[in-house]
Chemist: 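Here's a structure for you.
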Amino acid sequence: MHDIKFIKTNPDEFDAGLTLRGLDPLAEKLLLKDEIRRKVITQSETLVAERNVLSKEIGMAMKHGKKDKAEELKQQVAKSKEEVTVLENKAKELIDDLNRDLMAIPNLPYADTPKGTDESDNEEIRTYGTIKQFDFTPKEHYELGENLGQMDFLTATKISGSRFVILRKNLARLERALSSFMLDTHIIEHELEEVQTPVIVNSSALYGTGQLPKFGEDLYKIENSDFWLIPTAEVSITNQFSNTIIDEEKLPIRMTALTQCFRSEAGSAGRDTKGMLRQHQFAKVEMVTLSKPSESDNELERMTGCAENILKKLDIPYRVVRLCTGDLGFSARKTYDIEVWLPGQNTYREISSCSTTGEFQARRMKARFRKKSEKNTEFVHTLNGSGIAIGRCLIAVMENYQQADGSIIVPEVLRPYMGGLEVIS
RNA sequence: GGAGGGGUGGCAGAGCGGUUGAAUGCACUGGUCUUGAAAACCAGCAAGGAUUAACGUCCUUCGAGGGUUCGAAUCCCUCCUCCUCCGCCA
């Protein structure tokens, strides 16, 4: 959420940020609303203050047995009561209205964000690994999986619908191996703290990280309740710190969690319908960091590095791109996507997205920190990134490690997690 | 699901209609004392908002939201949550 005080002191910077997003300037309109809001609050509070004084006088009068005086004062208060109620309601309305506006405005991209309209304008930062040349035509993951009889979309359709999958035997085990490998790497090498969080959250958590109010359509909601399925563990990990004041020494707090994620994929009908690239349910290892404002840029590099390290260890080629203004998510100020090479598709596909939101989410959820021996609190900065998506990583392993006979070599680092298995066939 | 009891400041814990934003203790910060530390003593110590050049003043908040009242942490209603016992259950 945006700080109206920031907008007040930096209207041009605010509008420039919106322009980067392809939005019309809003500062003037918001500041007008704010002015009215403050005026009404002042009016209302003046009256309430007067009432409070009179009420105390009534109390004193009662104490000293001056009943007549008390009655007289009561009359006075009663007169202003209606007026107070009207003003208070009006103030509340104006506050809510302004907050609604502020909640629906996306975060401001960093000024150096590459300009563009969609993912084709993203800027390649670096590439890693050598793209393997096959002496046969590499297959897509679903061909490989189905031929192995270990990836079953048809049966999944029967029990759930489209965009679900059933993995069997060693592919199921491979998915589990990937999860454990990633988590172990994060907690041991990268010193992230592992957490296990709920996958069902309430709407206030979704407001906190920015999925609501604008993107409810992309989420699954549980009927007759305020429960939603998380689209990413970012929601539950980050919101642990809502309405919390953290001691400065505890920062940065770097966490990781493995959860299932649930997305309705409204609006992506027809895209990636084959295979398990785009599912309604998928496992993902997520990373979330809370940091001091001064450290968040470095933390973003660190986090991206953690995700990259997973792919390095798996020895799968990838590239890192910086998202352009048109591709940047609602809450993000700066995002690196990591895209893995998929030989079957002969292209790079997103497997991780690491973002800093600055204080955007922290302000929404009131996650603050206090410096030692300082009175004031400040909002923390929050970062989130996939570290990495399990399902897509499974695809990447399958396609990059496939052999002519349709079997799949198990990457070295995963073998300890697969009981030493070297090939899935 | 049934019965009962709680939710108060960083923590513990009073208050149960009238200067109570909240006693007291611990923790924390500053000071006195001390060679230094401890102890002791003194002082400070909630968040958000409005206003102000600033000092300050004012408003709101005692789980959340409504209500009663001139006035609510204190009374009433609804919800959330925690604990104990019973039932059910992975």
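No hydrogens, no waters, no symmetry mates; every other heavy atom, side chains included, goes into these values. The model shown is predicted, which means the values in this text are computed figures rather than measured ones. Residue numbering restarts at 1 for every chain, and letters A, B, ... go by the order of the sequence lines.
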Chemist: Take atom CG of A/N202 and atom P of B/rA64, then tell me their distance rounded to the nearest Å.
Modeler: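 Whole-Å distance recorded here is 16 Å.
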Chemist: If you measure from the C1' atom in B/rU74 to the same atom in B/rG6, how many Å do you get, rounded?
Modeler: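 The same atom, C1', in both gives a distance of 16 Å.
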Chemist: Roughly how many Å apart are B/rA43 and B/rA47, using the C1' atom of each and rounding to a whole number?
Modeler: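 Rounded to whole Å, the distance is 23 Å.
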Chemist: Ignoring hydrogens and angles, state whether a donor on the side chain of A/K334 or A/S355 is under 3.5 Å from an acceptor on the partner side chain.
Modeler: no
Chemist: When you compare B/rG30 with B/rC85, how far apart are their P atoms, in angstrom units rounded to a whole number?
Modeler: 46 Å
Chemist: Please confirm whether A/F164 and A/H280 have ring centers closer than 6.0 angstrom.
Modeler: yes
Chemist: Under the salt bridge (charged side-chain N to carboxylate O under 4.0 Å, His left out) rule, collect the residues that match up with A/R278, sequence neighbours excluded.
Modeler: A/E265, A/D272
Chemist: What I want to find out is whether A/K90 reaches A/E93 closely enough, with some N-O distance under 4.0 Å, to be called a salt bridge.
Modeler: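 Salt bridge: no.
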Chemist: Take atom P in B/rG7 and the same atom in B/rC16, then report the distance between them in whole Å.
Modeler: 14 Å
Chemist: Return the nearest nucleotide to the side chain of A/I245; candidates are B/rC58, B/rC70, B/rA47.
Modeler: B/rA47
Chemist: What N/O pairs connect the protein and nucleotides 18-21 of chain B at under 3.5 Å? Give each pair on its own line.
Modeler:
{"from": "B/rG18", "atom 1": "N2", "to": "A/S55", "atom 2": "O", "distance (Å)": "3.0"}

Chemist: If the threshold is 4.0 Å, N to carboxylate O, is there a salt bridge linking A/K313 and A/E412?
Modeler: no
Chemist: Within less than 4.0 Å of OP1 or OP2 of B/rG10, is there a side-chain N or O belonging to A/R370?
Modeler: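 Negative; the distance criterion is not met.
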Chemist: Once salt bridge (charged side-chain N to carboxylate O under 4.0 Å, His left out) is applied, do any residues pair with A/D297, and if so which ones, sequence neighbours excluded?
Modeler: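 Scan of A/D297 (salt bridge (charged side-chain N to carboxylate O under 4.0 Å, His left out), adjacent residues dropped) gives none.
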Chemist: Would you call A/E217 and A/R263 a salt bridge, taking side-chain N to carboxylate O under 4.0 Å as the test?
Modeler: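 No.
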Chemist: Sequence neighbours left out, what passes salt bridge (charged side-chain N to carboxylate O under 4.0 Å, His left out) with A/K292? Give chain and number order.
Modeler: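 Scan of A/K292 (salt bridge (charged side-chain N to carboxylate O under 4.0 Å, His left out), adjacent residues dropped) gives A/E248.
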Chemist: Taking any strand in view, what nucleotide pairs with B/rA64 in a Watson-Crick or G-U wobble way, both distances under 3.5 Å?
Modeler: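 Per the H-bond distance test, B/rU78.
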Chemist: Decide, yes or no, whether a salt bridge links A/R363 with A/D3 under the criterion of side-chain N to carboxylate O below 4.0 Å.
Modeler: yes
Chemist: Would you call A/D121 and A/K115 a salt bridge, taking side-chain N to carboxylate O under 4.0 Å as the test?
Modeler: no
Chemist: Consider only side-chain N and O atoms of A/E339 and A/Y318, and report whether a donor and an acceptor are under 3.5 Å apart.
Modeler: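 Result is no, nothing qualifies.
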Chemist: What is the distance from CD of A/E88 to P of B/rG67, rounded to the nearest Å?
Modeler: 11 Å
Chemist: Classify every nucleotide of nucleotides 48-56 of chain B by which part a protein heavy atom approaches to under 4.0 Å, writing B for the base, S for the sugar-phosphate alone and - for neither, in 5'-to-3' order.
Modeler: SBSS-----
Chemist: Going by purine N1 to pyrimidine N3 plus the second Watson-Crick contact, or the G-U wobble pair, all under 3.5 Å, which nucleotide sits opposite B/rC28?
Modeler: B/rG44
Chemist: Can you tell me the pairing partner of B/rG1 across any strand shown, Watson-Crick or G-U wobble, with both distances under 3.5 angstrom?
Modeler: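 Base partner found: B/rC86.
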Chemist: Salt-bridge test for A/K39 and A/D34: reply yes if a basic N is under 4.0 Å from a carboxylate O, no otherwise.
Modeler: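 Salt bridge flag = no for A/D34 with A/K39.
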Chemist: Can you check nucleotides 74-83 of chain B for protein contacts, nitrogen or oxygen pairs under 3.5 Å, and list what you find?
Modeler:
none

Chemist: Please give the distance between the P atoms of B/rA40 and B/rC77 as a whole number of Å.
Modeler: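 Approximately 47 Å lies between the P atom of B/rA40 and that of B/rC77.
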Chemist: Rounded to the Å, how far apart are A/F379 CZ and B/rA47 P?
Modeler: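 Whole-Å distance recorded here is 13 Å.
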Chemist: Write down the distance separating the P atoms in B/rC79 and B/rC88, rounded off to the nearest Å.
Modeler: 26 Å
Chemist: A/K92 has an atom NZ; how far is it from atom P of B/rC59, in whole Å?
Modeler: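 Whole-Å distance recorded here is 20 Å.
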Chemist: Please work out if A/D247 contacts a base, only the sugar-phosphate, or nothing of the nucleic acid, heavy-atom cut-off 4.0 Å.
Modeler: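 Counting heavy atoms under 4.0 Å across all strands, no contact is made by A/D247.
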Chemist: Is any side-chain N or O of A/N52 closer than 4.0 Å to OP1 or OP2 of B/rC70?
Modeler: no
Chemist: Rounding to a whole Å, what distance do you find between A/E378:CD and B/rA47:P?
Modeler: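 To the nearest whole Å, that distance equals 13 Å.
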Chemist: Nearest whole angstrom, please: distance from the P of B/rG10 to the CD of A/E248.
Modeler: 18 Å
Chemist: For the aromatic rings, using the six-membered ring if either is Trp, is the centroid distance between A/F360 and A/F330 under 6.0 Å?
Modeler: yes
